Amino acid sequence: MNQPVPSIQRLPIYLRFLKGIRNNGDVYVSCTRIAEEFGQLSVQVRKDLGITGIVGRPKIGYQIEELITAIEHFLGWDKKTDAFLVGVGNLGTAVLNYPGFVEHGLNILAAFDNDPKKKDLKFPHCKVYDLDQLEEIGKREKAEIGILAVPAGAAQEIAERLVKIGVRGIWNYTPRKLDLPSKIICEDVKLSASFAVLSRRLINEQ
Ligand code: ATP
């Protein structure tokens, strides 16, 4: 990837801030103001925003609306991206219910689970199907992303099935490192790793 991952990871935080000040009636914003908000250096903010292709004007800064459009376009959040989700446990349910992902264009077409009790459960934008129907529905409807929220032991097998039905990216909520063709883009959500860092920092600061 050409763009630095930490810069990409900061964009959603800027985006939320920009939408907030836009909704309060502001029209322009400077790097310094964004930097102050997040306790960062303004050169870093300029660099982060620069990856979207947008350039601020000296003394004026950025037009907020343009900046919002540029960030959303850069992230592909200005269009819908279809997905399938497998594993409707606690984590899968949270993802299905979270409206923030819908706002970012994530469109979960269908969810799957192998527990008959989960079948036909309804969520705001889709329902739950038996895992056996994955290939049949995958043939009918194409999704770019497969979201994995199954137990670690089932992750590799389900990921391979998702790849077979044509997903290009896997959003992996399981702790299992997946072994997939190199053309498949895999992003691991490291919830426990993140919590470990928080826990250790709390101990260090005691
Ligand atoms: P729950 O609260 O439903 O018990 P959980 O949040 O504790 O689930 P897990 O045990 O990790 O989490 O299971 C996540 C979900 O994945 C569950 O809904 C489970 O039925 C489902 N699941 C488990 N194995 C598979 C599999 N091989 N294929 C599809 N779904 C699976």
Side-chain angles (χ1 to χ4, degrees), residues 1 5-6 8-13 15-16 75-77 79-204:
M1 181 155 54
V5 171
I8 297 173
Q9 287 174 332
R10 281 189 287 269
L11 292 180
I13 321 170
L15 189 60
R16 187 169 311 150
L75 294 174
W77 288 359
K79 62 174 180 61
K80 270 193 184 167
T81 306
D82 294 333
F84 291 135
L85 179 143
V86 186
V88 189
N90 291 298
L91 266 178
T93 300
V95 173
L96 286 163
N97 278 324
Y98 182 56
F101 297 139
V102 178
E103 235 177 80
H104 300 335
L106 183 67
N107 183 37
I108 304 178
L109 298 170
F112 299 87
D113 203 287
N114 69 351
D115 178 352
K117 290 196 290 294
K118 308 270 163 99
K119 192 168 174 263
D120 292 329
L121 281 181
K122 302 251 181 331
F123 285 89
H125 299 276
C126 69
K127 70 172 204 170
V128 182
Y129 296 88
D130 191 288
L131 184 69
D132 288 345
Q133 291 177 271
L134 179 67
E135 283 72 18
E136 172 203 329
I137 292 173
K139 234 185 230 165
R140 236 182 18 237
E141 300 187 65
K142 289 290 157 207
E144 254 196 309
I145 297 178
I147 306 170
L148 265 190
V150 291
Q156 179 65 33
E157 184 209 322
I158 308 276
E160 286 172 16
R161 287 175 64 179
L162 286 163
V163 168
K164 270 208 187 114
I165 60 166
V167 307
R168 292 201 306 127
I170 300 272
W171 200 13
N172 178 23
Y173 277 79
T174 83
R176 181 59 52 89
K177 192 92 201 115
L178 301 169
D179 182 13
L180 297 171
S182 56
K183 64 172 195 233
I184 302 300
I185 301 156
C186 190
E187 182 63 27
D188 299 323
V189 182
K190 303 174 189 99
L191 283 177
S192 294
S194 174
F195 185 52
V197 173
L198 173 68
S199 304
R200 189 57 228 175
R201 286 177 68 188
L202 285 171
I203 294 168
N204 288 345

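Please read all numbers here as calculations on a predicted model, not as lab measurements. For ligands, and for the atoms within them, numbers begin at 1 and follow the listed sequence. Values reported hereafter were calculated over all heavy atoms of this structure, with side chains retained and with hydrogens, waters and symmetry mates removed.
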Listed by chain and number, what are the side chain to side chain donor-acceptor pair (under 3.5 Å) partners of Arg16, not counting sequence neighbours? none

Are Asp188 and Lys177 within salt-bridge range, i.e. N to O under 4.0 Å? yes

For ligand 1, what are the residues with a heavy-atom contact below 4.0 Å? Val86, Gly87, Val88, Gly89, Asn90, Asp113, Asn114, Asp115, Lys118, Leu131, Ala149, Val150, Pro151, Ala154, Ile158

Under the side chain to side chain donor-acceptor pair (under 3.5 Å) test, which residues partner Asp113, sequence neighbours left out? none

Using the ring of each side chain (for Trp, its six-membered ring), is His104 parallel, tilted or perpendicular to Trp77, with breaks at 30° and 60°? parallel

Ser199 side-chain N/O to Phe195 backbone N/O, donor-acceptor pair under 3.5 Å: yes

Results of side chain to side chain contact (heavy atoms under 4.5 Å, CB included) for Gln156 - residues two or more places apart only: Glu160, Leu178, Asp179, Leu180

